[in-house]
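Let me begin by presenting the structure, written as structure tokens, before commenting on it.
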Amino acid sequence: MSTPPAPTPPSDFLRELVTRDRAAGKHGGRVVTRFPPEPNGYLHIGHAKAICLNFGIAQEFGGVCNLRMDDTNPTTEDPEYVHAIEEDVRWLGFQWAGRTYYASEYFERIYECAEQLVRKGKAYVCDLSAEEVSRARGTLVTPGTESPFRGRSPAENLDLLRRMRKGEFPEGSRTLRARIDMAHPNMNLRDPVLYRIRFAPHYRTGSEWCIYPMYDYAHPLSDAFEGITHSLCTLEFEHHRPLYDWFLDNLDIGHPQQIEFARLNLAYTLMSKRRLLELVNEGHVTGWDDPRMPTLSAMRRRGYTPRAIRNFCAEVGVAKFNSLHEIALLEHVLRDDLNRVALRFLAVLRPLKVVITNYAADQVEEMTAINNPEDPAAGSRQMPFARELWIERDDFAEVPPKGFHRLSPGTEVRLRAAYIVRCTGVVKDAQGNLVEVHCTYDPESRSGLPGANRKVKATIHWVSARHALDAEVRLYDQLFTHPEPASDAAGGDFRRHLNPRSLEVLRGCKLEPSLASVAPGTPLQFERLGYFCVDSRDSRKEALVFNRTVTLRDTWAKVAAKGG
RNA sequence: UUCGGGAUGGUGUAAUCGGUAGCACAGCAGACUCUGACUCUGCUAGUCUAGGUUCGAGUCCUAGUCCCGAAACCA
């Protein structure tokens with residue numbers, strides 16, 4: 001057996017940098033990363049990129065990656081989100097070091113560091129209101145002005161800070177600020193706020209604290225406390241890096257390195273937790289796990305596999321260029337994975353009755369169908385065949401368009417895993433609507449028999465009418481009609497670009513009987529239609545509900561669209 | 001106007017010290033097919049601009065152009 005070619009190691013600027021650092025003996029060659037979501041919303045496909053990067057790099061270099069809740073703002077955070085985040089990361093296929101970390105568990109140490117900065121004269125208590133601070137900060141092109149409280153002595157600041165902590169001052173009345181440079185061209189260094197007063201209970205620390213650290217201050221310290229070596233974050237934090245470094249330079253607690261990469265953007269959807277929350281709250285979707293949402297919980301419910309998402313993240317690569325990815329790539333990796341694992345079934349979404357006029361009314365045959373041609377181990381199953389069948393409405397045309405090789409009067413098609421039939425006529429109602437199609441079958445053409453070995457233009461799917469299961473099937477399309485619904489180019493409100501046809505509910509769909517006992521989440525292929533799964537939330541034994549994960553590639557649809 | 005980033009086919013992403021611009025998706029054409037799927041074959045298409053250095057520039061130098069981000073007691 002020849003050795004398979006060595007998989008080319010993923011190469012990108014992050015991995016190159018880590019490789020260089022290790023070669024240089026930085027951090028003793030260790031690699032420790034972290035994925036630090038704020039528990040104020042559900043994780044989406046954009047987070048998956050960060051997760052794959054942080055956990056992936058740690059794995060590849062023999063290091064670890066911590067899952068850390070960045071929970072320094074008690075007013076927006078909730079344990080519901082903590083659980084959802086943990087579930088999503090686990091589902092994606094990553095393990096973290098024994099337990100979840102929380103920035104909030106460092107509150108005491110973070111506070112001690114603040115006292116240290118105060119003692120060194122690097123931080124001061126400021127009595128300006130939020131609005132005054134904002135005004136004094138200056139603008140992008142004009143320097144700010146120094147706070148009148150900037151000159152307070154370390155002793156006075158220390159006393160004030162301790163009293164802030166004790167709750168002696170009203171909410172919003174004072175802040176602790178770093179003393180850096182109010183004229184700095186980087187606005188993040190114009191005496192940023194370290195602590196604000198909030199008499200809000202925290203979901204983990206309760207009412208123990210009434211002052212809470214800001215992200216810019218808490219984050220580098222949390223990283224340092226955990227011995228993080230490479231702190232990966234998205235581009236918008238690039239000019240926070242000098243501040244990240246400033247805190248660590250002024251505190252002797254170690255110095256992780258912050259490195260920025262471009263966040264993931266996907267066309268025709270949104271990637272902002274705030275806006276996703278608005279979609280949920282305003283009822284444009286049924287919840288965070290509405291299968292049209294880009295959240296991981298929604299994608300899971302819709303039938304995405306973790307492997308497909310991981311492959312997608314690997315395919316998109318990582319750089320510092322703000323890119324917009326086409327949905328086509330996501331769907332490609334999805335189909336690629338589903339094709340390998342999905343069990344095949346026959347299901348008719350828009351039924352049209354077919355009567356096999358030369359087939360005995362009381363006869364039933366069991367047809368054998370392969371469960372997954374990509375995986376012989378998946379075996380086969382039986383499907384009942386009878387005189388009356390359902391076929392797909394689209395598989396019949398009374399007047400076939402050019403290139404159509406499905407069923408039409410006088411032509412033959414093969415019924416998947418059954419017989420070859422020829423259309424002999426149609427039945428219409430008083431209004432001229434097509435009600436049923438009449439066919440004759442060729443008894444010699446049963447699958448497996450020699451008579452089946454002749455060329456027929458098309459093979460179509462079918463379900464025995466009297467054995468069919470009824471089901472609801474939900475077809476999803478992109479949530480927005482604009483590739484960047486929230487961009488300026490889209491002209492304002494993303495709500496204007498909601499796709500009115502993002503959900504199509506089909507009732508009275510006809511399924512082959514073995515679909516009765518499929519577990520939610522099991523990847524299925526309805527042959528010739530797409531990949532589907534049982535809806536984990538709404539499907540019941542007596543009222544089956546399926547989600548369409550993604551369609552099959554449909555070359556004919558493209559041709560037909562052009563022709564007509 | 002300030003600061004920080006970034007520009008390679010339609011979309012993304014590679015290219016060791018300066019040495020044949022590669023890969024994936026999409027698109028097009030064909031082969032195969034009991035899924036118009038899968039698979040396979042072929043094709044189309046790219047270095048922001050202008051100068052410069054060099055035998056040779058996506059890569060180095062100079063000057064521009066365009067795009068993104070930044071002024072929460074959010075993260």
Side-chain angles (χ1 to χ4, degrees), chain A residues 8 11-12 36-38 40 70-73 75-76 126 128-131 133-135 137-144 171-177 184-190 192-198 211-212 214-216 218-219 233-242 260 262 267 273-274 315-333 335-336 339-340 344 346 369-370 373-374 403-406 413-418 420 445 447-448 452-453 455-461 525-530 551-560:
Chain A
T8 46
S11 172
D12 54 66
E38 185 188 14
N40 66 345
D70 210 345
D71 54 356
T72 57
N73 182 0
T75 61
T76 58
C126 178
L128 257 28
S129 71
E131 196 198 325
V133 168
S134 167
R135 221 178 306 124
R137 182 142 22 231
T139 71
L140 295 177
V141 288
T142 58
E171 189 160 305
S173 63
R174 285 183 158 92
T175 55
L176 182 72
R177 299 175 67 184
H184 200 105
N186 179 343
M187 304 220 22
N188 294 121
L189 300 191
R190 317 243 263 229
V193 171
L194 273 57
Y195 270 101
R196 74 282 213 184
I197 301 172
R198 281 282 171 284
I211 57 172
Y212 292 93
M214 302 289 290
Y215 166 86
D216 278 321
H219 203 87
C233 63
T234 47
L235 252 30
E236 64 269 29
F237 293 102
E238 216 154 11
H239 51 358
H240 291 237
R241 182 166 11 108
E260 308 84 10
K273 279 199 266 184
R274 201 196 80 226
E315 282 300 316
V316 300
V318 55
K320 299 192 74 157
F321 175 71
N322 241 309
S323 52
L324 180 65
H325 292 271
E326 294 177 338
I327 300 177
L329 180 61
L330 214 212
E331 295 192 334
H332 169 261
V333 296
R335 292 186 183 112
D336 184 53
N339 177 49
R340 284 203 302 265
R344 271 62 170 175
L346 300 192
I370 301 296
E374 307 288 325
F404 186 84
H405 39 225
R406 275 107 97 144
V413 293
R414 187 191 302 278
L415 296 176
R416 177 69 154 160
I420 295 171
S445 68
S447 287
N453 296 331
K455 289 263 182 269
V456 179
K457 276 220 198 120
T459 299
I460 66 171
H461 56 280
Q525 185 193 104
F526 291 173
E527 291 206 26
R528 305 209 305 131
L529 296 174
T551 61
L552 247 31
R553 275 191 67 206
D554 190 349
T555 311
W556 168 243
K558 244 187 286 181
V559 174

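Proteins get letters first, then strands, A, B, ... in listed order; numbering begins at 1 in each.
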Could you list all N or O pairs between the protein and nucleotides 40-47 of chain B that sit under 3.5 Å apart?
none

Pick the [atom1] atom in [N] and in [M], then give their distance to the nearest Å.
N: B:A26; M: B:G12; atom1: C1'; result: 11 Å
N: B:G56; M: B:G19; atom1: P; result: 14 Å
N: B:G30; M: B:C67; atom1: C1'; result: 40 Å
N: B:C66; M: B:A72; atom1: P; result: 27 Å
N: B:G9; M: B:U13; atom1: C1'; result: 12 Å
N: B:A45; M: B:C28; atom1: P; result: 16 Å
N: B:U1; M: B:A71; atom1: C1'; result: 14 Å
N: B:A29; M: B:A37; atom1: P; result: 13 Å

Would you indicate what [X] reaches in the nucleic acid, counting non-hydrogen atoms under 4.0 angstrom: base, sugar-phosphate, or nothing?
X: A:Ala417; answer: base
X: A:Ser134; answer: sugar-phosphate
X: A:Ile211; answer: nothing
X: A:Arg137; answer: sugar-phosphate
X: A:Pro373; answer: base
X: A:Arg241; answer: nothing
X: A:Gly403; answer: base
X: A:Phe526; answer: nothing
X: A:His184; answer: nothing

Test item: A:Arg196 and A:Tyr212 side chains (from C-beta on) under 4.5 Å apart, heavy atoms = yes

message = Does any part of the side chain of A:Leu329, heavy atoms only, come nearer than 4.5 Å to the side chain of A:Val316, both counted from C-beta?
response = yes

note = Note, RNA chain B 5' to 3' with Watson-Crick or G-U pairs under 3.5 Å encoded as ( ), [ ], | and . gives .((((((..((((.....[..)))).(((((.......)))))....(((((..]....))))))))))).....

ask   = Hey, is A:Trp556 stacking on B:G36? Ring centres under 5.5 Å, planes under 30°.
value = yes

Contact nearer the 5' end of RNA chain B, comparing A:Ala452 with A:Glu238 = A:Glu238

ask   = 5'-most contact on RNA chain B: A:Gly317 or A:Leu330, nearest heavy atom basis?
value = A:Gly317

Rounded to whole angstrom units, what separation is found between the [atom1] atom of [X] and the [atom2] atom of [N]?
X: A:Phe321; N: B:A14; atom1: CZ; atom2: C1'; answer: 15 Å
X: A:Asn339; N: B:U35; atom1: CG; atom2: C1'; answer: 10 Å
X: A:Asn73; N: B:C74; atom1: CG; atom2: C1'; answer: 6 Å
X: A:Met187; N: B:C3; atom1: CE; atom2: P; answer: 14 Å
X: A:Asp12; N: B:A24; atom1: CG; atom2: C1'; answer: 16 Å
X: A:Leu140; N: B:C3; atom1: CG; atom2: P; answer: 11 Å
X: A:His219; N: B:C74; atom1: NE2; atom2: C1'; answer: 14 Å
X: A:His325; N: B:G10; atom1: NE2; atom2: P; answer: 17 Å

May I ask you to evaluate whether [X] reaches the phosphate of [N], defined as a side-chain N or O under 4.0 Å from OP1 or OP2?
X: A:Thr72; N: B:A75; value: yes
X: A:Lys273; N: B:C74; value: no
X: A:Arg196; N: B:A75; value: yes
X: A:Thr555; N: B:A37; value: yes
X: A:Thr139; N: B:U2; value: no
X: A:Arg528; N: B:U33; value: no

message = Regarding A:Asn186 and A:His239, do their side chains bring together a donor and an acceptor under 3.5 Å, going by distance alone?
response = no

inquiry  = Within the 3.5 Å criterion, strictly below it, is a donor on A:Glu236 or A:Thr234 matched to an acceptor on the partner's side chain?
reply    = yes

query = Hey, does the side-chain of A:Gln525 have a donor or acceptor N/O within less than 3.5 Å of a partner on the base of B:U35?
reply = yes

request  = Answer with yes or no whether A:His239 presents, from its side chain, a donor or acceptor under 3.5 Å of a partner atom in the base of B:G5.
outcome  = no

Exam field: side chain A:Arg177 to backbone A:Val133, donor-acceptor pair closer than 3.5 Å = no

request  = For A:Arg137 and A:Asn188, indicate whether the former's side chain and the latter's backbone hold a donor-acceptor pair under 3.5 Å.
outcome  = no

ask   = B:C43: syn or anti, with syn meaning chi within 90° of zero?
value = anti

Out of [options], which has the shortest distance to the side chain of [X]?
X: A:Val133; options: B:A37, B:C74, B:C73; value: B:C73
X: A:Asp336; options: B:U39, B:A75, B:A14; value: B:U39
X: A:Pro185; options: B:A14, B:C3, B:C73; value: B:C3
X: A:Lys320; options: B:U35, B:G6, B:A24; value: B:G6

Evaluation steps, side chain to side chain contact (heavy atoms under 4.5 Å, CB included), between A:Phe237 and A:His219 = CA-CA 11 Å; A:Phe237 293 102; A:His219 203 87; over 6 Å; no

Which atom pairs link the protein and nucleotides 26-28 of chain B when you take only N or O atoms and keep those under 3.5 Å?
unit_1, atom_1, unit_2, atom_2, d
B:G27, OP1, A:Lys558, NZ, 2.7
B:C28, OP1, A:Lys562, NZ, 2.8

For [X], side chain to side chain contact (heavy atoms under 4.5 Å, CB included) partners two or more places apart:
X: A:Ala218; answer: A:Thr72, A:Ile110, A:Pro213
X: A:Asn322; answer: A:Leu235, A:Arg263, A:Asn265
X: A:Pro185; answer: none

query = After noting the C-alpha distance and the side-chain angles of A:Arg335 and A:Leu552, does the key distance pass the side chain to side chain contact (heavy atoms under 4.5 Å, CB included) rule?
reply = CA-CA 7 Å; A:Arg335 292 186 183 112; A:Leu552 247 31; 5.5 Å; no

key: OH-CG distance between A:Tyr215 and A:Leu194, expressed to the nearest 0.5 angstrom   = 14.0 Å

query = For A:Glu527 and A:His461, which heavy atoms make the closest approach, and how far apart are they?
reply = O-ND1, 3.6 Å

